[in-house]
A.B. asks: 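Please read through the structure below; I'll follow up with questions.
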Amino acid sequence: MAKASNLTRTDVDSSFESQLSVSSRTSNRSLRVAEKERRKNQIGDPFVLALKYFSEVEAGTPCLGNDVLERNLVLVERVGLSRGLPPEAVSVMLDYAMSLRMGGATCVRVLKFLIPATVVPQEAVVRAVSWLCVGKIAISTQVLFLRWVLTVFDMIDSKDHLRAIYGFIFSFVTEENLSPYICHMLYLLTRRESVRPFRVRKLLDLQTKMGRQPFLLHLLSLYKVFSPELVTLALPSRMRSGFKNHNSTWKVALSAVQKRNNGQVSSDISLTLGLKDKTNSRKRLPSQMGSLLGSSLALCYLDYVQDDSAFLRLNFWLGHALHEEFLFCSGDGGSGSSSEALHFLNRLLSTQHFLQEGFSSTEGFLYKFLNVWDGSLLRPQILGLLSDIPVVPSSCISQLLFEPLMQLFFTSTLFFKCSVIDCLNNMLLKWLTWHSVYSLEDGLDISLNSHTPMNMTLSGFMDSVMELVRFVGRLATVGLQLEGCHSLLLSFILDFYETVCDMFLKYGLPLVVMPPAGVFYPALFATDPVSVDRLSYIMYRWGGVVTSTPLRSCQHQQAFHISRQTCQEFNHYLLFMVSCLWNSKMFLPGMAIEVDQELLALSKVPAPWTRFDLIHHPAFLGCALDFHHKVSLDLISIQWNWYMEFLFSQGFQGLQQFVQSSINRSSAAGISGQRGSQPTSR
């Protein structure tokens, strides 16, 4: 029985192994058939045949009159410009072009249509760079190749092998025509271990020979970040971008290919040329440096360790990305109208708020973008970035900021006008905060900290602030005229002038600026009580600024005197408000606004000089009627003390502070006879 059982088990095992072997042979046969079909299909693919031709063509093959060459070039060119070339095709064509197998003319032609669909194999770039040492390639062709590398740099799948030949690439820096592009490539490849004393000496020698070229200064600045002991050269704290965009030859084609492929790997062929299959790809927004924008942990670390090299790289990448996506995009608006652009700018805003400072590349981009902006594209994000820019010198603030904003402001809607005023208010707040922080560190009498975005003296800072306040005054005056003194716009304007009041009392800036008449009178004659109440609060605060000046000046141990013109403006406004709201002396001779008595008589308005006091003012007439119904008195018999208590109980705290300070003080001192003198103290 046992033997029979064993035989049966052996037979079963043999049968199972036989079936498995048959199944395996069937599966292998199916795979071989599928592979044979695939190769058969590829052999018949004209594009694959064209690439096979370029990979096998021998050096010295004539190109003139070569119909096969022309046919294959046209085929690959059409694919490259329409949907881009897969990684294997990029490797084949780049090696064919740089080896000059069929002369320099075809090399230039190939480089111009070498548009990658997904990624660029770094081995292909390394082999192409090695061809530069042969000496047969024309300088103009070498420049074209380097421009192509810089254009597709973010699409190279890895950079470790390129960094391994850093010294070889550096050897071309002495070539005058190649130096700007070599410096740019070295800037992108530099690591701490790349900085060597002999390289620093070479760059310094080049600077002596070529002058202070921006591309040399930028590379030296990066070297100085890694090894400050090697670079003793004094470099400017603010430099314009030293590296230009070199993608003009491929910009349109790259944009079209990326839009068509939608950032995805779309290679549908696999070449049988013995090249390594490259399947890895990555998106272009964000890149390795751009990904920092989405990482609060990385930003916290960078802010803690103060890694200047990382900030320098992030700043450069950011400027390139902003220019490419918003300034150099195609006519259809590029990605500026997409959700990706919205997400990108929101992350940039969040990053700047986290770091509590803006990037210099963002500032440079905004100055250019304002000249082509329509005022509606991504408005909240653009204005948010605009409010983060650091202090602009007064000598160039008008050209860079005011002129383009003014054109947009005067031709825009009410809501855009409100957004611009709010943006400039936030800008002023951040400037004042910046000033208060560094003035506490360094004092008010010396230049501000050299680590700030810009080295600026106190007088220079005050000039810039003064220009900003005056500019908003001009915008507000014309804007209120254009919008019929709209209460919403007036509210944003009064927000700004509340910040102006804080300049001295809260931030310690020895500067007092009164609003223009085009803001003061529309606010005083507004039909809503909130505007009049806020104007009263602002006048109360200005009174505090004027009367507290001697004390604050002693505390800061510096001479600070309000100009006679500012005092006259304040006294003029104070006198007019007291005469209008309290003394009922509107339109009388000697007042700021005089109307011919005969004209007033023709209006048939009884007692016109009382029409803008606190009882008859259009803004408070509703309150007066409400008070009239509660106390059962006519408007003429209303008791002022009761009525004022009623107004104060309605929440008009600004009016209450103004009445309790300015009006009582002015009445006691007889301010009506002191229009040009210093305001009296409390």
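Note that the numbering runs from 1 along the sequence shown for the chain.
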A.B. asks: Okay, side chain of W431, backbone of V465: is any donor-acceptor separation there less than 3.5 Å?
C.D. replies: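 Between the backbone of V465 and the side chain of W431 there is no qualifying donor-acceptor contact (under 3.5 Å).
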A.B. asks: Atom OG in S361, atom CG in L318: separation rounded to 0.5 Å?
C.D. replies: 4.0 Å
A.B. asks: Looking only at atom types and distance, does a side-chain atom of H184 sit under 3.5 Å from a main-chain N or O of P180, one as donor and one as acceptor?
C.D. replies: no
A.B. asks: Just by distance, do the side chain of T457 and the backbone of G460 share a donor-acceptor pair under 3.5 Å?
C.D. replies: yes
A.B. asks: Roughly how far, to the nearest 0.5 Å, is CD of Q352 from OG1 of T362?
C.D. replies: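 Reported value, rounded in 0.5 Å steps: 4.5 Å.
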A.B. asks: Can you list everything that forms a side-chain contact (heavy atoms from CB on, under 4.5 Å) with D205? Sequence neighbours excluded, please.
C.D. replies: none
A.B. asks: Between the main-chain N or O of M98 and the side-chain N or O of R101, is there a donor-acceptor pair closer than 3.5 Å?
C.D. replies: no
A.B. asks: Is the shortest heavy-atom distance from the side chain of K430 to the side chain of T433 under 4.5 Å?
C.D. replies: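 No - every pair of side-chain heavy atoms lies 4.5 Å or more apart.
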A.B. asks: For the residue pair V420 and L408, establish whether any side-chain heavy-atom pair is separated by less than 4.5 Å.
C.D. replies: no
A.B. asks: With salt bridge (charged side-chain N to carboxylate O under 4.0 Å, His left out) as the test, would you mind laying out the steps for K52 and E56 before giving the verdict?
C.D. replies: CA-CA 6 Å; K52 186 175 179 64; E56 297 177 351; 2.9 Å; yes
A.B. asks: Please say which of L85, V149, V90, L94 ends up in a side chain to side chain contact (heavy atoms under 4.5 Å, CB included) with V120.
C.D. replies: V90
A.B. asks: Measure from the side-chain N and O atoms of S387 to the backbone N and O of N426, and report whether any donor-acceptor pair falls under 3.5 Å.
C.D. replies: no
A.B. asks: Measure from the side-chain N and O atoms of S179 to the backbone N and O of E175, and report whether any donor-acceptor pair falls under 3.5 Å.
C.D. replies: no
A.B. asks: Relative to each other, are the rings of F172 and F168 parallel, tilted or perpendicular (30° and 60° limits)?
C.D. replies: perpendicular
A.B. asks: Name all residues meeting the side chain to side chain donor-acceptor pair (under 3.5 Å) criterion together with E77; count only those two or more places apart in sequence or in a different chain, and write none if there are none.
C.D. replies: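 Once residues adjacent in sequence are excluded, the partners of E77 under the side chain to side chain donor-acceptor pair (under 3.5 Å) criterion are R109.
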A.B. asks: Rounded to the nearest 0.5 Å, what's the gap from SG on C423 to CZ on R379? Could you check?
C.D. replies: 12.0 Å
A.B. asks: Okay, side chain of Q142, backbone of I137: is any donor-acceptor separation there less than 3.5 Å?
C.D. replies: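 Judged by distance alone, yes, a pair lies under 3.5 Å.
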A.B. asks: Ignoring hydrogens, what is the shortest heavy-atom contact between T174 and L206? Give both atom names and the distance.
C.D. replies: CA-CD2, 4.1 Å
A.B. asks: Please walk me through it: do K159 and D154 pass salt bridge (charged side-chain N to carboxylate O under 4.0 Å, His left out)?
C.D. replies: CA-CA 10 Å; K159 313 292 192 309; D154 278 342; 5.5 Å; no
A.B. asks: Which distance, rounded to the nearest 0.5 Å, do you find between the OG of S130 and the CD1 of I165?
C.D. replies: 7.5 Å
A.B. asks: Any heavy-atom pair between the side chains of M427 and V391 that's under 4.5 Å?
C.D. replies: no
A.B. asks: Can a side-chain donor-acceptor contact be found between S360 and N315 if the only test is distance below 3.5 angstrom?
C.D. replies: yes
A.B. asks: Is the positively charged end of R199 above the ring of F170, judged by distance under 6.0 angstrom from the centroid and angle within 45° of the axis?
C.D. replies: yes
A.B. asks: Tell me which donor-acceptor pairs under 3.5 Å the side chains of residues 369-377 have, and how far apart each pair is, sequence neighbours excluded?
C.D. replies:
| from | atom 1 | to | atom 2 | distance (Å) |
| --- | --- | --- | --- | --- |
| N371 | ND2 | Y367 | O | 2.9 |
| W373 | NE1 | L377 | O | 2.9 |
| D374 | OD1 | S376 | N | 3.0 |
| D374 | OD1 | S376 | OG | 3.3 |
| D374 | OD1 | L377 | N | 3.1 |
| D374 | OD2 | S376 | OG | 3.1 |

A.B. asks: Heavy-atom count check: over 12 atoms from other residues, nucleotides or ligands less than 6.0 Å from E229 CD?
C.D. replies: yes
A.B. asks: So do R127 and S91 actually touch side chain to side chain, heavy atoms under 4.5 Å?
C.D. replies: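 The answer is yes; the side chains approach within 4.5 Å.
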A.B. asks: Look at the rings of W434 and F461 and say which category their plane angle falls in: under 30° parallel, 30 to 60° tilted, over 60° perpendicular.
C.D. replies: tilted
A.B. asks: So how far is it from L186 CG to F215 CZ, rounded to the nearest 0.5 Å?
C.D. replies: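 Result: 12.0 Å between the selected atoms.
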A.B. asks: When you look at E467 and F402, which way does the side chain to side chain contact (heavy atoms under 4.5 Å, CB included) test go after all the steps?
C.D. replies: CA-CA 10 Å; E467 289 296 322; F402 294 166; 4.2 Å; yes
A.B. asks: So, does T351 use its side chain to make a donor-acceptor pair with the main chain of R347 at under 3.5 Å?
C.D. replies: yes
A.B. asks: If you round to the nearest 0.5 Å, how far is CD of E123 from CG of D95?
C.D. replies: 12.0 Å
A.B. asks: Are any non-hydrogen side-chain atoms of I389 and V392 less than 4.5 angstrom apart?
C.D. replies: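 Touching, per the 4.5 Å side-chain cut-off.
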A.B. asks: Restricting to non-hydrogen atoms, name the atom on L189 and the atom on S194 that form the minimum distance, rounded to 0.1 Å.
C.D. replies: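 Here L189 and S194 meet closest at O-OG, 4.3 Å.
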A.B. asks: Is it the case that the ring center of F316 lies less than 6.0 angstrom away from the ring center of Y187?
C.D. replies: yes
A.B. asks: State plainly whether the residues R191 and D160 are in salt-bridge range, i.e. N to O under 4.0 Å.
C.D. replies: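 The answer is no: the pair does not qualify as a salt bridge.
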A.B. asks: Taking the side chain from E403 and the backbone from L400, do they hold a donor-acceptor pair closer than 3.5 Å?
C.D. replies: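 Side chain of E403 to backbone of L400, a donor-acceptor pair under 3.5 Å: no, none is there.
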A.B. asks: Any non-hydrogen side-chain atom of F113 less than 4.5 Å from a side-chain atom of R78?
C.D. replies: no
A.B. asks: Under 4.5 Å between any side-chain heavy atoms of W131 and S99, yes or no?
C.D. replies: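 Yes. Closest side-chain heavy atoms under 4.5 Å.
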A.B. asks: Side chains of D157 and Q122: any donor to acceptor distance under 3.5 Å?
C.D. replies: no
A.B. asks: Distance-only, no hydrogens or angles: does the S221 side chain make a donor-acceptor pair with backbone N or O of H218 under 3.5 Å?
C.D. replies: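 Indeed, once roles are kept as given, a pair shorter than 3.5 Å links the two residues.
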A.B. asks: Find out whether D388 and L349 are in side-chain contact, i.e. whether some heavy atom of one side chain is under 4.5 Å from a heavy atom of the other.
C.D. replies: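 D388 reaches L349 side chain to side chain.
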A.B. asks: Assess the side chains of Y166 and T190: does a donor N or O sit below 3.5 Å from an acceptor N or O?
C.D. replies: yes
